[in-house]
Amino acid sequence: MLYRCTFDRKIYVNPTNRYCIIQVRTKDTDIPREAQSKNQYRDRQIRFTAVGHDLPLTDAVEIEVEGEWMKGKYGVQFQVDQWHEIVPPTMEGLRTYLGSGLIKGIGPATAAEIVAKFGMDALEVLEKTPERYLEIRGITQTKLDEIKSSYAQTRVLQDIITLLEPFKLTPKTALKIYQYLGPTSVEILKRSPFELCQIPGFGFRRVDAIVLKTNSNLHDPMRIKGAVICALDDARGTDGHLYLERENLVQETYKMLNEKIPLKQHHVSKEEIDSMLDNLILDGVIVSSNDNLYLPRVFAQEEEVARQIVHRVLEKPPLENVVPVLENVKKDFNIKLSSKQEQAVKEAFRYNLSVITGSPGTGKTTVLKTILEVYRRLHPGNKILLMAPTGRASRRMAESTGFKDARTIHSILGLVSEEEEAGRKKEEQRKVDAQLIVIDEFSMVDMWLANQLFSKLPENIKIVLVGDPDQLPSVGAGNVFAEIISCGVVPVTVLNEIFRQAKDSLIAYNARFINSGNTKLYYGNDFVFINAKGQQQVADILMESYCMEVAEHGIEHVQILSPFRSRGEASVEQINATIREIINPFQSEDTQHRVGMVTFRTGDRIMQTQNTDKVSNGDLGFIRYIRKDASGTHFGVDFGDGRKLEYSIEEAMKMEHAYSTTIHKSMGSEYDIVLIPLVKAHSIMLYRNLLYTAITRAKKKVILVGEKNVLYMAIHKNEITKRNTRLGERILLHYKAQAKSKGIPFPAVLDEKLKKAS
């Protein structure tokens with residue numbers, strides 16, 4: 001669909017990836033009624049919302065947008081696939097275009113002088129003899145270089161979009177191609193569209209689907225190469241694998257290349273793929289380690305993390321006598337430590353890197369508080385930092401330990417996403433200044449984040465890793481925490497005794513049973529199972545139980561955790577929609593406002609869905625007021641801990657209802673009471689680690705609603721968490737090499753472990 005329109009106002013712009021949401025105006029009456037703004041304007045033009053990347057933010061020129069109407073969370077919006085500016089064939093139109101800000105370095109005054117000097121030939125002069133622009137007052141050589149670069153990029157981007165029209169490129173994707181392939185992008189892509197497969201994240205399948213329609217060479221080496229890289233990326237993103245064994249990679253690539261080719265005689269053979277793998281390994285495009293095939297950056301991450309871990313383990317800190325201080329701390333705070341807990345405290349001072357792990361109720365928090373207090377007394381001038389992968393986990397860490405300086409790993413290291421971090425300059429990367437660092441919920445740390453973390457932490461500092469390896473693994477690739485624990489090199493204390501404060505709770509015991517695959521659970525006042533069949537009955541009972549718990553304990557202490565976001569009555573979205581009408585029904589138009597497809601009300605429980613400076617993705621809060629005045633609609637949102645913010649409509653697009661949330665979203669959080677639906681329709685997602693994670697989010701009570709056989713199936717299903725990683729083996733290899741260089745014996749038990757791993 002094609003529309004001619006003009007920029008009207010900015011709704012949202014992401015400065016990092018240039019994603020834009022804008023309102024545009026048009027005289028075109030074909031705009032779908034449901035997409036039209038309900039407001040009336042004096043110019044009688046129709047307003048609608050357009051979304052896309054690098055959209056123009058000036059009304060100085062008309063634009064032609066092409067794309068499709070999309071119905072989503074915020075209503076019907078126009079998804080812009082491509083756009084171009086319309087330069088009116090008049091002096092005034094040309095002057096307006098040049099001064100619109102689309103070409104960097106030219107403002108309205110300079111544009112007027114350019115048109116006065118060159119007339120309607122102004123753009124032709126810029127394209128063919130740009131040095132003549134130096135005749136214009138105020139345009140220096142530096143300024144001209146900026147103008148030429150901006151104009152050339154704009155022209156090339158439009159040429160890329162035109163050339164690859166079947167791909168329906170967004171301007172953002174065209175810009176990525178330009179940045180990767182340079183000014184000769186168009187010529188390169190004319191020779192072989194499969195050059196696009198070199199560009200991270202572009203997607204082999206998308207390229208292949210279009211190119212196959214053009215009768216291109218199915219055996220093009222670039223096509224085979226693209227499929228190989230895509231197969232490795234898929235394995236990493238979907239299954240968390242850092243590598244694929246050669247045979248598996250050949251098989252996955254073979255399926256990818258031939259799945260849409262009906263005639264077998266046209267298929268790419270496994271021999272061709274095998275030959276391509278040899279070439280890619282020789283060229284360094286793929287790394288082979290014992291026929292385990294990695295993308296180079298992933299191999300480098302695993303290798304560097306292993307090296308850093310071993311270096312920190314072997315660098316022994318000066319011996320210090322912690323016993324007298326430890327005894328004083330225990331006496332002053334009336335703390336009684338088990339032998340395992342005391343071992344964990346001592347090893348934190350004996351080594352520069354140590355691990356504390358255990359299931360809920362085993363006293364990890366007590367150990368942490370003790371370590372922090374002992375260290376503070378031993379080294380009163382030293383800096384302590386507490387970290388966690390999420391904002392919720394870091395705040396919970398601060399609350400439980402009494403140390404206020406707890407933040408996310410990303411904020412302390414100054415990180416963004418993996419893709420964005422790759423393009424940052426080294427001088428922008430942040431080093432950490434501290435002498436003791438404690439990192440909680442370390443099971444959530446993937447290989448990329450672990451690499452960023454260990455490479456940016458100073459040498460000769462103490463690092464204590466804390467977590468539960470039996471919870472869900474990291475969202476990103478790798479299984480870092482489990483490999484560190486099992487390698488046998490890093491000092492690990494496993495807390496396995498359930499303490500007095502947890503002994504009367506069935507949650508800790510049942511979590512341990514579930515973790516071991518035992519279906520004989522204990523049921524009582526704090527661990528309840530309610531039988532129900534079918535999603536509707538499960539949802540009805542779940543909501544009734546939720547309302548009873550909220551009435552007794554308060555809404556901020558009760559949370560529903562569902563495996564699925566949007567599948568059936570017991571999914572997160574359906575539960576939220578139904579419960580909100582019970583918990584927080586309509587009162588008046590003044591106390592609610594629609595944001596896209598979602599209506600928010602005063603009193604709603606909400607979740608933040610994007611990171612900001614003050615709020616983290618996944619933080620829970622409440623809407624305390626909705627104010628409507630001449631400047632617009634404003635939402636007063638209270639996230640607790642004194643974090644009271646006022647959101648505009650634009651900022652309100654970053655929140656959603658949160659009476660229920662997914663189990664994955666709950667990682668790093670704790671709630672007093674947790675309710676969990678167990679239905680057959682969700683069985684594809686229900687497995688041991690997921691169930692264990694959901695149950696261990698509860699501090700005081702768990703309510704399971706559903707069928708016992710679904711519960712038992714989930715407890716027995718554990719294979720889904722397997723991931724291809726060799727971190728443990730690499731740690732052993734580096735340890736053996738570094739220990740030898742330092743004259744340290746390599747224990748026979750580790751040598752045997754290394755032989756088995758290899």
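Everything numeric in this text was worked out from a predicted model, so none of it was measured.
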Would the distance check show the side chain of [X] and the main-chain N or O of [Y] forming a donor-acceptor pair, the cut-off being under 3.5 Å?
| X | Y | answer |
| --- | --- | --- |
| Ser566 | Glu573 | no |
| Arg512 | Asn496 | yes |
| Asp239 | His241 | no |
| Asn724 | Tyr243 | yes |
| Glu483 | Val480 | no |
| Thr362 | Ser359 | yes |
| Glu656 | Gln608 | no |
| Lys364 | Gly358 | yes |
| Thr370 | Thr366 | yes |
| Thr661 | Ala658 | no |

Candidate pair His664 and Met685, rule side chain to side chain contact (heavy atoms under 4.5 Å, CB included), full reasoning: CA-CA 11 Å; His664 280 87; Met685 278 294 294; 3.5 Å; yes
For the residue pair [X] and [Y], confirm or rule out a side-chain donor-acceptor distance under 3.5 Å.
| X | Y | value |
| --- | --- | --- |
| Arg580 | Tyr659 | no |
| His657 | Asp604 | yes |
| Ser666 | Ser669 | no |
| Arg565 | Gln574 | no |
| Glu302 | Thr725 | yes |
| Asp540 | Gln536 | yes |
| Ser505 | Asp526 | yes |

Of [options], which meets side-chain contact (heavy atoms from CB on, under 4.5 Å) against [X]?
| X | options | result |
| --- | --- | --- |
| Arg697 | Gln471, Gln559, Met667 | Gln471 |
| Phe635 | Ile606, Ile626, Thr602 | Ile626 |
| Leu386 | Ile439, Asp440, Leu372 | Leu372 |

How about [X] and [Y]: do any of their side-chain heavy atoms sit closer than 4.5 Å?
| X | Y | value |
| --- | --- | --- |
| Phe481 | Val355 | yes |
| Val637 | Lys644 | no |
| Leu727 | Met447 | yes |
| Met543 | Thr578 | yes |
| Asp234 | Arg205 | yes |
| Ile309 | Leu353 | yes |
| Glu441 | Thr390 | no |
| Phe527 | Ile703 | no |

When you check the gap from the basic side-chain N to the acidic O, do [X] and [Y] get nearer than 4.0 Å?
| X | Y | value |
| --- | --- | --- |
| Glu549 | Lys701 | yes |
| Arg605 | Glu556 | no |
| Arg601 | Glu581 | yes |

Step by step, work out the side chain to side chain contact (heavy atoms under 4.5 Å, CB included) result for Leu686 and Met713. CA-CA 8 Å; Leu686 280 168; Met713 176 276 299; 4.3 Å; yes
Has Lys708 got its NZ or CZ under 6.0 Å from the middle of the six-membered ring of Phe529, at an angle within 45 degrees of the ring axis? yes
Evaluate the side-chain hydrogen bond (donor to acceptor under 3.5 Å, both in side chains) criterion for residues Ser394 and Arg407: first the C-alpha distance (whole Å), next the side-chain angles of each, then the deciding distance (0.1 Å), finally the verdict. CA-CA 5 Å; Ser394 65; Arg407 291 155 58 200; over 6 Å; no
Quick check: closest heavy atoms across [X] and [Y], and the distance to 0.1 Å?
| X | Y | answer |
| --- | --- | --- |
| Asp619 | Gly391 | OD1-C, 4.3 Å |
| Thr662 | Leu561 | O-CD2, 4.2 Å |
| Ser545 | Leu675 | CB-CD2, 3.7 Å |
| Ile541 | Ala532 | CD1-CB, 3.6 Å |
| Asp446 | Gly476 | OD2-CA, 3.3 Å |
| Gly706 | Val538 | CA-CG2, 3.9 Å |

Side chain to side chain contact (heavy atoms under 4.5 Å, CB included), that's the test. Do Met387 and Leu453 meet it? Break it down for me. CA-CA 11 Å; Met387 300 186 193; Leu453 176 70; 3.9 Å; yes
Going by side chain to side chain contact (heavy atoms under 4.5 Å, CB included), name the residues that satisfy it together with Gln77, two or more places apart in sequence or in a different chain. Thr49, Val51, Tyr74
For Tyr522, does the OH atom sit with more than 12 other heavy atoms under 6.0 Å from it, leaving out its own atoms? no
NZ of Lys680: more than 12 outside heavy atoms within 6.0 angstrom? no
Which value, rounded to the nearest 0.5 Å, describes the distance between [X] atom [atom1] and [Y] atom [atom2]?
| X | Y | atom1 | atom2 | answer |
| --- | --- | --- | --- | --- |
| Met607 | Ser660 | CE | OG | 9.0 Å |
| Leu368 | Thr401 | CG | OG1 | 7.5 Å |
| Asn576 | Ile583 | CG | CD1 | 11.5 Å |
| Asn518 | Tyr509 | CG | OH | 14.5 Å |
| Asp468 | Thr693 | CG | OG1 | 8.0 Å |

Test Lys71 against Glu34 for salt bridge (Lys or Arg N to Asp or Glu O under 4.0 Å), laying out the working first. CA-CA 10 Å; Lys71 186 174 182 179; Glu34 62 268 27; over 6 Å; no
Give the C-alpha distance, both sets of side-chain angles, the deciding distance and a yes or no for side chain to side chain contact (heavy atoms under 4.5 Å, CB included) between Leu242 and Arg726. CA-CA 8 Å; Leu242 296 182; Arg726 284 284 184 268; over 6 Å; no
Step by step, work out the salt bridge (Lys or Arg N to Asp or Glu O under 4.0 Å) result for Arg627 and Glu646. CA-CA 10 Å; Arg627 191 181 76 250; Glu646 187 167 274; 2.7 Å; yes
